[in-house]
Amino acid sequence: LERLMESGGGSAQAGGSLTLSCAAGEYIAREWYLGWFRQIPGQEREGVAVIGPFGATLYADNVKGRFTISKDGAKKTLYLHMNSLKPEDTAMYYCAIDLRTDLPKFLSRGPSRKFGDWGQGTQVTVSA
């Protein structure tokens with residue numbers, strides 16, 4: 001499987017913005033589900049935002065209205081635009097893919113085992 005590469009993390013103050021990128025290669029193609037997940041040390045990884053093959057999106061309640069997931073087919077890149085950042089958004093962020101799933105399942109359970117090889121992620125740190 002082609003490796004996903006996350007970038008764009010960094011430090012921001014509460015209320016600020018960051019945009020994460022994920023070089024997704026051929027997984028940008030229409031049949032794939034793509035998503036952003038995050039993990040705080042000592043806690044389970046959680047779904048943040050997912051986008052389906054035809055562009056439908058679904059967000060976790062704690063980021064709804066603040067984060068926007070999008071994809072650019074020409075650049076083969078998945079994005080997560082994060083606004084109104086909060087200290088509780090501090091985490092390592094990962095992108096992921098899946099096939100033959102649905103948005104609620106993908107957001108809540110993450111990728112199936114076949115596609116569960118997580119990349120290095122990108123760290124987001126938000127200070128109060």
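- Note that Arg30 lies outside the cation-pi zone of Phe54, set by a 6.0 Å cut-off to the ring centre and a 45° limit from the axis.
- Checked against the 6.0 Å centroid criterion, the rings of Phe37 and Phe106 qualify as a close aromatic pair.
- By the criterion of side-chain heavy atoms lying less than 4.5 angstrom apart, applied directly or through intervening Ile, Leu, Val, Met, Phe, Trp or Tyr residues, Val126 is not grouped with Met92; the two fall into different hydrophobic clusters.
- For CD of Glu88, the number of neighbouring non-hydrogen atoms (other residues, nucleotides, ligands) closer than 6.0 Å is greater than 12.
- Heavy atoms only, all atoms of each residue included: Gly9 and Thr122 are closest at N-OG1, 2.9 Å.
- Under the 4.5 Å side-chain heavy-atom criterion for ILVMFWY residues, no single connected hydrophobic cluster contains both Ile40 and Tyr93.
- Residue Arg38 holds its CZ atom at 12.5 Å from CH2 of Trp36, rounded to the nearest 0.5 Å.
- In terms of heavy-atom proximity, Ala14 sits nearest to Ala128 at CB-CA, 4.2 Å.
- For Thr57, the side-chain contact (heavy atoms from CB on, under 4.5 Å) partners two or more places apart in sequence, or in a different chain, are Ile51, Tyr59, Ile69.
- With hydrogens and angles ignored, the 3.5 Å screen pairs a side-chain donor or acceptor of Tyr33 with a backbone N or O of Thr101.
- Counting only distance, with no hydrogens or angles, the side chain of Glu6 and the backbone of Cys95 share a donor-acceptor pair below 3.5 Å.
- Counting heavy atoms from C-beta on, the side chains of Leu58 and Pro104 come closer than 4.5 Å.
- Under the 3.5 Å distance criterion, the side-chain polar atoms of Thr90 are matched with a main-chain donor or acceptor of Pro87.
- In this structure, CG in Leu18 is found 9.5 Å from OG1 in Thr125, a value given to the nearest 0.5 Å.
- A pairwise comparison of heavy atoms in Ala12 and Leu85 identifies CB-CD1, 3.9 Å as the closest pair.
- Residue Glu31 places its CD atom among more than 12 non-hydrogen atoms of other residues, nucleotides or ligands, all under 6.0 Å distant.
- A distance of 8.0 Å separates CZ of Arg100 from CH2 of Trp32, quoted to the nearest 0.5 Å.
- Using a 4.5 Å heavy-atom cutoff, the side chains of Tyr94 and Gln39 are in contact.
- For the atom pair CG of Asp72 and CD1 of Ile28, the computed distance is 7.5 Å after rounding to the nearest 0.5 Å.
- Across all non-hydrogen atoms, the minimal contact from Ala60 to Gly47 is CB-O, 3.4 Å.
- Remark: of the listed residues Val124, Thr68, Thr19, Val124 is the sole one forming a side chain to side chain contact (heavy atoms under 4.5 Å, CB included) with Met82.
- The structure places NZ of Lys75 at 9.0 Å from OG of Ser21, a figure rounded to the nearest 0.5 Å.
- At least one side-chain heavy atom of Arg66 sits under 4.5 Å from a side-chain heavy atom of Lys86.
- The two atoms that bring Phe67 and Val48 nearest to each other are CD2-CG1, 3.6 Å, heavy atoms only.
- Looking at Ser17, its side chain never comes within 3.5 Å of a backbone N or O of Asn83 through a donor-acceptor pair.
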>> Checking Lys71 against Leu34 for the side chain to side chain contact (heavy atoms under 4.5 Å, CB included) test, could you report, in this order, the C-alpha distance in whole Å, the side-chain angles of both residues, the deciding distance, and whether it holds?
In response: CA-CA 9 Å; Lys71 58 183 179 179; Leu34 300 108; 4.1 Å; yes
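- In this structure the side chain of Gln120 reaches within 4.5 angstrom of the side chain of Met5, judged on heavy atoms.
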>> Pair Lys105, Asp98 - check salt bridge (Lys or Arg N to Asp or Glu O under 4.0 Å), show working.
In response: CA-CA 10 Å; Lys105 180 180 178 181; Asp98 210 340; over 6 Å; no
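- Annotation: the span from Trp118 atom CH2 to Leu4 atom CG amounts to 9.5 Å, rounded to 0.5 Å.
- Placement of Val63 and Val50 in two distinct hydrophobic clusters is found when ILVMFWY residues are connected by side-chain heavy-atom separations under 4.5 Å, directly or transitively.
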